[in-house]
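Working notes, beginning with the structure itself.
It should be emphasised that the depicted structure is a prediction, and the values quoted were computed from it without experimental measurement.
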Amino acid sequence: RNGGSIYYINLSQDDFKLGGSSFAQTLNKVGTEAPTIKDASFFKKAFNTIQDLIKDRQIVAGHDIGSGGLITTLLEMCFADVNLGAKISFNAFKEKDLVKILFAENIGIVLQAKDDAIFEKAFEGMEIFKIGEVIEGSLLEISTSTALSVTSFDIKQYREMWFETSFLLDQ
């Protein structure tokens, strides 16, 4: 709450690929193409920029992209508090396949800026995507340029499933 916009940084600089992903595993597949880091110099520069922004207290929230992909990251960020949601748009993405966008496990990060202008200036010359904003409520709303409607996820429902699964795994 009371922060800036939400940004996605594709640290891999690779296309969205489902090979090796949790999504592929749910389909009993491995996949043929897994994402990799395409540009080590970009990764290093972006990583160091993120560290500088953390030191300068210019990042309000953040989460890496790992198992489960971008959808898991976005939901977990919304799990941080009650009545906390997000409105997300992937219109700026070259990729238009929502399944790939949401479930690919490319090395990346989602960050919420404290101040958009300072955040964007720090990443000048690097590809980052402003994907949304925090909203009051219990929905994660996702849209793409090809979607005729908004896809909404009930955060409370997914939070309960998430914690129940974690509880069962811990046992």
Side-chain angles (χ1 to χ4, degrees), residues 1-35 46 50 59-114 116 119-120 123 127-169:
R1 290 180 177 44
N2 304 319
S5 297
I6 300 169
Y7 293 84
Y8 166 75
I9 303 167
N10 182 357
L11 293 171
S12 74
Q13 292 293 286
D14 200 355
D15 296 331
F16 292 97
K17 297 175 182 170
L18 296 172
S21 67
S22 297
F23 178 76
Q25 291 174 37
T26 65
L27 301 174
N28 289 324
K29 297 182 179 184
V30 176
T32 56
E33 287 187 278
I50 293 165
I59 295 178
V60 177
H63 199 300
D64 67 307
I65 306 211
S67 295
L70 191 51
I71 185 63
T72 303
T73 297
L74 293 168
L75 283 167
E76 286 180 345
M77 289 181 79
C78 291
F79 293 167
D81 202 351
V82 294
N83 203 33
L84 178 72
K87 186 177 279 193
I88 303 294
S89 170
F90 299 124
N91 290 342
F93 285 17
K94 185 173 49 174
E95 178 63 62
K96 299 305 175 196
D97 184 334
L98 191 57
V99 171
K100 286 183 179 179
I101 292 170
L102 292 178
F103 294 101
E105 296 177 6
N106 293 49
I107 300 300
I109 193 162
V110 174
L111 301 170
Q112 183 186 12
K114 180 177 181 182
D116 289 7
F119 188 90
E120 290 174 17
F123 282 101
E127 182 181 66
I128 64 170
F129 298 93
K130 184 188 285 190
I131 60 171
E133 62 187 355
V134 171
I135 60 172
E136 291 288 324
S138 62
L139 291 178
L140 171 59
E141 300 175 1
I142 294 176
S143 66
T144 64
S145 59
T146 58
L148 297 176
S149 63
V150 173
T151 303
S152 295
F153 298 88
D154 182 327
I155 295 164
K156 182 180 178 194
Q157 175 188 352
Y158 286 99
R159 181 189 295 117
E160 288 172 6
M161 285 193 305
W162 184 258
F163 285 122
E164 180 182 355
T165 303
S166 296
F167 173 76
L168 293 173
L169 286 170

Of all heavy-atom pairs between [X] and [Y], which one has the smallest distance, and what is that distance?
X: L140; Y: C78; value: CD1-SG, 4.5 Å
X: A24; Y: S21; value: N-OG, 3.0 Å
X: I9; Y: I50; value: CD1-CD1, 4.3 Å
X: T73; Y: G66; value: OG1-N, 4.4 Å
X: V60; Y: K114; value: CG2-CA, 3.4 Å
X: G62; Y: L111; value: CA-CD2, 3.8 Å

Taking D154 for the side chain and Q157 for the main chain, is one N or O donor matched with an acceptor at less than 3.5 Å?
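Present.
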
Compare all side-chain heavy atoms of [X] with those of [Y] and state whether any distance is below 4.5 angstrom.
X: L102; Y: F23; result: no
X: F153; Y: L74; result: no
X: E141; Y: I135; result: yes
X: D15; Y: K94; result: yes

Determine, stepwise, if the pair L98 / I142 fulfils side chain to side chain contact (heavy atoms under 4.5 Å, CB included).
CA-CA 10 Å; L98 191 57; I142 294 176; 4.2 Å; yes

Quick one: sort the F163 and F79 rings into parallel, tilted or perpendicular, breaks at 30° and 60°.
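Answer is tilted, since the angle falls between 30° and 60°.
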
Should the ring pair F16 and Y8 be called parallel, tilted or perpendicular, given that the plane angle runs from 0 to 90° and is split at 30 and 60?
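Ring orientation, 0 to 90° scale: parallel.
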
Separation of [Y] [atom2] from [X] [atom1] (nearest 0.5 Å):
X: I155; Y: L139; atom1: CD1; atom2: CG; result: 6.5 Å
X: S5; Y: E120; atom1: OG; atom2: CD; result: 7.0 Å
X: N10; Y: E95; atom1: CG; atom2: CD; result: 11.0 Å
X: N91; Y: F129; atom1: CG; atom2: CZ; result: 12.0 Å
X: H63; Y: I6; atom1: NE2; atom2: CD1; result: 13.0 Å
X: I101; Y: K96; atom1: CD1; atom2: NZ; result: 7.0 Å

R1/N83 under side chain to side chain contact (heavy atoms under 4.5 Å, CB included): CA gap, chis, key distance, verdict:
CA-CA 10 Å; R1 290 180 177 44; N83 203 33; 3.7 Å; yes

Side chain to side chain contact (heavy atoms under 4.5 Å, CB included) assessment of V99 paired with L18
CA-CA 9 Å; V99 171; L18 296 172; 4.2 Å; yes

In sequence, state the C-alpha distance, the side-chain angles, and the governing distance for F90 and L70, and then conclude on side chain to side chain contact (heavy atoms under 4.5 Å, CB included).
CA-CA 11 Å; F90 299 124; L70 191 51; 3.6 Å; yes

Does atom NZ of K17 have more than 12 heavy-atom neighbours from other groups under 6.0 Å away?
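Atom NZ in K17 is packed in, count exceeds 12.
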
